[in-house]
Amino acid sequence: MANDASTVFDLVILGGGSGGYAAALRGAQLGLDVALIEKDKVGGTCLHRGCIPTKALLHAGEIADQARESEQFGVKATFEGIDIAAVHKYKDDVVSGLYKGLQGLVASRKVTYIEGEGRLSSPTSVDVNGRRIEGRHILLATGSVPKSLPGLEIDGNRIISSDHALTLDRVPQSAIILGGGVIGVEFASAWKSFGTDVTIVEGLKHLVPVEDENSSKLLERAFRKRGIKFNLGTFFEKAEYTENGVRVTLADGKTFEAEVLLVAIGRGPVSQGLGYEEAGVAMDRGYVLVDEYMQTNVPTISAVGDLVPTLQLAHVGFAEGILVAERLAGLKPVPVDYDGVPRVTYCHPEVASVGITEAKAKELYGADKVVALKYNLAGNGKSKILKTAGEIKLVQVRDGAVVGVHMVGDRMGEQVGEAQLIYNWEALPAEVAQLIHAHPTQNEALGEAHLALAGKPLHAHD
């Protein structure tokens, strides 16, 4: 192994996804000499196989639905079908443009970019392409890959992962989706818009089970209306090939058949065989363990993103990567409040939230200390114009701050920015109520909900 001892970087980053490249860009901005090692493409899962391409598919599906339903707006249009090759070109063009921009950013910040598969070789070095890259500090950011279950082999043909689903050369006639979390419901939504007959299998009792129960029920109602089928509360038993597709059997003996099975049960950390344990890094079930400042038990090693057991969200990776860079540059960053991170599921309708659920609030503060208010989007002019249904639910500590904002409806992901400020600045309902929200907007619904919670409802019943 050639030791390039002439250069000792301030920070060597293993993995160029959201967390890794955010740390690289911020570190370089603060004057650190940074090396960024990536085996595939800078941008990682989010840009190339996750957030961005998935949302492009969902937007294409939204256009398809609008074409089908245009007459309800007085517009005569015809829907002739999905050209999946053209959909992929649109998706890939979006990804390509962002990728080029990101490459330019990395170059402009003078980050030393090394393409190759790296492996941690000591608490202060990474081996890649036959070279040993030395650093005063190492950041592990190797991300995650789709998970499966014991005995369930993802073959990329009839039993597929989200990676395969993003490049599928056809619109499947029918699909079973194993998992009703974010990935599962987003693909269910997109495929239904494309014309696929979709069935979701979720072992827990609700879709998007980490969200407030009210949001889950609203989404389930909307999916029923769209014709998306789902089976809740019974776990997967086995999958087997049929003559033309796949048969899934559940623990209660119930069976479902479809052309493809999408395994969407979550993502697991990429950490095996990368030298982490040999360097003494504390691990749990493949995850790297860190403190609130993203430091591992080894003083010269930090870790961020999907590799650590925090929320698997790109924007969390950004925040964690920036935190590490600022800490190493001598600043005093504030640890991430994970309850204060906005969460959005981009299905139709969207599910957006920040803060804690009503159930969690009751657990923390006591049932008698928690107030919940629901504002129906039927009272919101812009939502009526868009013909979307849903609710905004606020969770408040009695006579105190709003500790949870839970929203269901089209475009609710665009409202979560203000919701984030309300939660993180510990706003009282009366303080939000005195802010004037533009009319007619969907954002106004957030203001109206706080007016109602403050005891002075306008377009809502007392």
Side-chain angles (χ1 to χ4, degrees), residues 15-22 24-25 36 38-68 79-109 113 115 143-146 160-172 182-196 262 264 267 305-306 312-318 321 342-352 386 410-417:
S18 302
Y21 85 68
L25 293 176
L36 178 62
E38 169 57 48
K39 69 177 182 179
D40 188 11
K41 293 177 179 177
V42 66
T45 294
C46 172
L47 177 54
H48 300 285
R49 296 175 300 282
C51 323
I52 300 299
T54 308
K55 278 52 179 180
L57 288 186
L58 283 159
H59 184 61
E62 182 183 357
I63 300 298
D65 288 334
Q66 287 176 345
R68 286 189 194 96
F79 175 71
E80 296 181 16
I82 301 294
D83 179 347
I84 196 64
V87 170
H88 284 316
K89 182 184 184 309
Y90 151 67
K91 165 181 67 74
D92 294 343
D93 284 349
V94 171
V95 172
S96 176
L98 290 169
Y99 177 46
K100 285 175 184 171
L102 183 54
Q103 286 175 303
L105 262 178
V106 170
S108 72
R109 297 275 173 91
Y113 184 72
E115 191 172 314
S144 63
V145 289
I160 64 175
S161 71
S162 56
D163 287 359
H164 302 117
L166 283 169
T167 57
L168 207 59
D169 62 358
R170 67 193 186 283
V171 175
V182 172
I183 297 170
V185 300
E186 287 188 349
F187 273 102
S189 187
W191 274 347
K192 182 63 181 178
S193 297
F194 288 170
T196 303
L262 169 60
R267 299 179 64 86
D306 288 1
Q312 289 188 331
L313 298 168
H315 44 289
V316 167
F318 294 149
R343 305 171 296 274
V344 186
T345 305
Y346 294 89
C347 50
H348 166 51
E350 291 183 351
V351 180
L386 295 171
D410 288 344
R411 306 187 185 181
M412 285 298 107
E414 302 303 321
Q415 312 312 319
V416 83

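In this structure, the side chains of W191 and L262 come closer than 4.5 Å at one or more pairs of heavy atoms. Within the 4.5 Å cutoff, the side chain of R267 has heavy atoms near those of the S162 side chain. The shortest distance between side-chain heavy atoms of P53 and V94 does not fall below 4.5 Å. Contact annotation: the side chain of Y90 approaches that of H59 to within less than 4.5 Å [non-hydrogen atoms, C-beta and beyond]. Taking 4.5 Å as the limit, every side-chain heavy atom of V351 sits out of range of all side-chain heavy atoms of Y346. The side-chain heavy atoms of E186 and L57, taken from C-beta on, include no pair separated by under 4.5 Å. Residues T345 and E350 form no side-chain contact, since every pair of their non-hydrogen atoms from C-beta on lies 4.5 Å or further apart. Side-chain contact between I84 and L168 is absent, with no heavy-atom pair separated by less than 4.5 Å.
With a 6.0 Å radius and a threshold of 12 heavy atoms from other residues, nucleotides or ligands, E414 has its CD atom at or below the threshold. No more than 12 heavy atoms of other residues, nucleotides or ligands sit less than 6.0 Å from atom NZ of K39.
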Pair D306, T45 - check side-chain contact (heavy atoms from CB on, under 4.5 Å), show working. CA-CA 10 Å; D306 288 1; T45 294; 5.7 Å; no
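With respect to K89 and D83, no salt bridge is recorded, no charged nitrogen being found less than 4.0 Å from a carboxylate O.
In this structure, I82 and A64 approach most closely via the heavy-atom pair CD1-CB, 4.0 Å. Residues A60 and V87 approach most closely at CB-CG1, 4.2 Å, considering heavy atoms.
The closest donor-acceptor contact from the side chain of H88 to the backbone of A85 lies at 3.5 Å or more, if one exists at all. Side-chain atoms of K91 come within 3.5 Å of backbone atoms of L166 as a donor-acceptor pair (strictly under, hydrogens ignored). Checking side-chain atoms of S193 against main-chain N and O of S189 turns up a donor-acceptor pair under 3.5 Å. No donor-acceptor pair under 3.5 Å is formed between the side chain of R109 and the backbone N or O of G104. A distance-only check finds a donor-acceptor pair linking the side chain of H48 to the backbone of V42 [under 3.5 Å]. Under a 3.5 Å cut-off, the side chain of T196 and the backbone N or O of K192 do not form any donor-acceptor pair.
Using a 3.5 Å distance cut-off with no hydrogens or angles, the side chains of D410 and H348 do pair a donor with an acceptor.
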